[in-house]
Amino acid sequence: MIRNIVTAAALTTAVLGGIATVGSVAAQATPIGTVNCVSVPTGSKLVTTCTNTDLGPGTMNYSLLCTNLVFEWYHTERIGPTSTQTMIRDCGPGAHPILWGSSGVTDYQQLQNYQNQQNMDRYSR
């Protein structure tokens, strides 16, 4: 009887200790970061600043249309891990940005998007 109680207590302690260990490891895990971008027109220029919060590199991009019809579609640059980078594009003398957009993606997110697309293609056949 006492042997069964000791065994049950030891098993309960081991299980609870294992759950606590798994919980603490999960709490210490680093979340997946993102590449966040914002574009601001400043005079004749478009200033795009991106911040990568991921531990791996990523890609940042912007699109721009100026009043003099200078058009740049999806200009892309690389951004390092856990860094901030700025791109500046000048529309030229007397012109200014009228339409623009910016975005970014980490390499990890891009890989996940690719794998998801491959899975969707595979299962849609």
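This is a predicted model, so every value here is computed, not measured. For reference, positions follow the sequence shown, starting with 1.
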Chemist: Would you check, one step at a time, whether the test side chain to side chain contact (heavy atoms under 4.5 Å, CB included) holds for Val70 with Arg89?
Modeler: CA-CA 11 Å; Val70 166; Arg89 175 69 162 119; 3.6 Å; yes
Chemist: Keeping Asn61 on the side-chain end and Thr76 on the backbone end, is there a donor-acceptor pair under 3.5 Å?
Modeler: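 No; judged by distance alone, with no hydrogens or angles, the pair does not exist.
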Chemist: List the residues meeting side chain to side chain donor-acceptor pair (under 3.5 Å) with Gln110, not counting sequence neighbours, and say none if there are none.
Modeler: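 Gln110: no side chain to side chain donor-acceptor pair (under 3.5 Å) contacts found.
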Chemist: Using side chain to side chain contact (heavy atoms under 4.5 Å, CB included), reason through Thr51 and Thr84 one step at a time and then give a plain yes or no.
Modeler: CA-CA 4 Å; Thr51 301; Thr84 298; 3.2 Å; yes
Chemist: Under a single-linkage definition using a 4.5 Å side-chain heavy-atom cutoff for Ile, Leu, Val, Met, Phe, Trp and Tyr, are Tyr108 and Met60 assigned to the same hydrophobic cluster?
Modeler: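 No, it is not one cluster - the side chains of Tyr108 and Met60 are not joined through contacts under 4.5 Å.
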Chemist: Roughly how far, to the nearest 0.5 Å, is CG of Asn52 from OG1 of Thr82?
Modeler: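 Spacing of OG1 (Thr82) from CG (Asn52) equals 7.0 Å.
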Chemist: Which atom names give the shortest non-hydrogen contact between Met87 and His75, and what distance separates them?
Modeler: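 Minimum heavy-atom separation between Met87 and His75: SD-CD2, 3.9 Å.
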Chemist: Output, in order, the C-alpha distance, side-chain angles, deciding distance and verdict of side chain to side chain contact (heavy atoms under 4.5 Å, CB included) for Thr86 and Val47.
Modeler: CA-CA 7 Å; Thr86 300; Val47 179; 3.7 Å; yes
Chemist: How close do Ile79 and Gln85 get, counting heavy atoms only, and between which atoms?
Modeler: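 Looking at all heavy atoms of both residues, the shortest contact is CA-OE1, 3.7 Å.
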Chemist: Taking all non-hydrogen atoms of both residues into account, name the closest pair between Ser102 and Thr48 and its distance.
Modeler: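 In terms of heavy atoms, the two residues are closest at CB-CG2, 3.8 Å.
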Chemist: Taking a hydrophobic cluster as the set of Ile, Leu, Val, Met, Phe, Trp and Tyr residues connected by side-chain heavy atoms closer than 4.5 Å, whether directly or through intermediates, do Tyr123 and Met120 fall within one such cluster?
Modeler: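 No, separate clusters.
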Chemist: Could you tell me if the side chain of Gln117 sits less than 4.5 Å from the side chain of Asp121, heavy atoms only?
Modeler: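 The answer is yes, as the side chains (C-beta and beyond) meet within the 4.5 Å cut-off.
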Chemist: Are Tyr74 and Leu99 joined in one hydrophobic group, where the rule is that I, L, V, M, F, W and Y side chains link up if heavy atoms are under 4.5 Å apart?
Modeler: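 Both belong to a single hydrophobic cluster.
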Chemist: Taking all heavy atoms of Pro41 and all of Leu46, pick out the closest pair and write down the distance.
Modeler: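 Heavy atoms of Pro41 and Leu46 come nearest at N-CD1, 4.0 Å.
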Chemist: Provide the closest heavy-atom pair for Ser44 versus Gly92 in the form atom of the first, atom of the second, distance.
Modeler: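 Minimum heavy-atom contact is CB-O, 3.6 Å.
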Chemist: Could you work out, with ring-ring contact (aromatic ring centres under 6.0 Å, His included) as the rule, every residue matching His96, not counting sequence neighbours?
Modeler: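 In terms of ring-ring contact (aromatic ring centres under 6.0 Å, His included), with neighbours along the sequence ignored, His96 is linked to no residue.
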Chemist: Does a side-chain heavy-atom distance below 4.5 Å link Thr53 with Thr34?
Modeler: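 Sidechains of Thr34 and Thr53: in contact.
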Chemist: If hydrophobic clusters are built by linking Ile, Leu, Val, Met, Phe, Trp and Tyr wherever their side-chain heavy atoms come under 4.5 Å apart, do Ile98 and Phe71 end up in the same one?
Modeler: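 Yes, one cluster joins them.
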Chemist: If I take atom OG1 from residue Thr67 and atom CG from residue Leu65, how far apart are they, to the nearest 0.5 angstrom?
Modeler: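 The CG atom of Leu65 is 8.5 Å from OG1 of Thr67, to the nearest 0.5 Å.
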Chemist: Can you find a heavy atom in the side chain of Glu77 that is under 4.5 Å from one in the side chain of Tyr62?
Modeler: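 No, every pair of side-chain atoms sits at 4.5 Å or beyond.
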Chemist: Only pairs at least two apart or in different chains count here, so list each disulfide bond (SG atoms under 2.5 Å apart) that has a residue in residues 73-125.
Modeler: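 Residue pairs passing disulfide bond (SG atoms under 2.5 Å apart), neighbours aside: Cys66-Cys91.
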Chemist: Taking all non-hydrogen atoms of both residues into account, name the closest pair between Leu64 and Pro97 and its distance.
Modeler: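 Result for this residue pair: CD1-CB, 3.7 Å.
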Chemist: Check for a donor-acceptor pair, side chain of Thr106 on one end and backbone N or O of Gln109 on the other, with a separation under 3.5 Å.
Modeler: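 Yes, the answer is positive, given that a donor and an acceptor are paired below the 3.5 Å cut-off.
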Chemist: What distance do Asp90 atom CG and Thr42 atom OG1 have between them, rounded to the nearest 0.5 Å?
Modeler: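 OG1 of Thr42 is found 10.5 Å from CG of Asp90.
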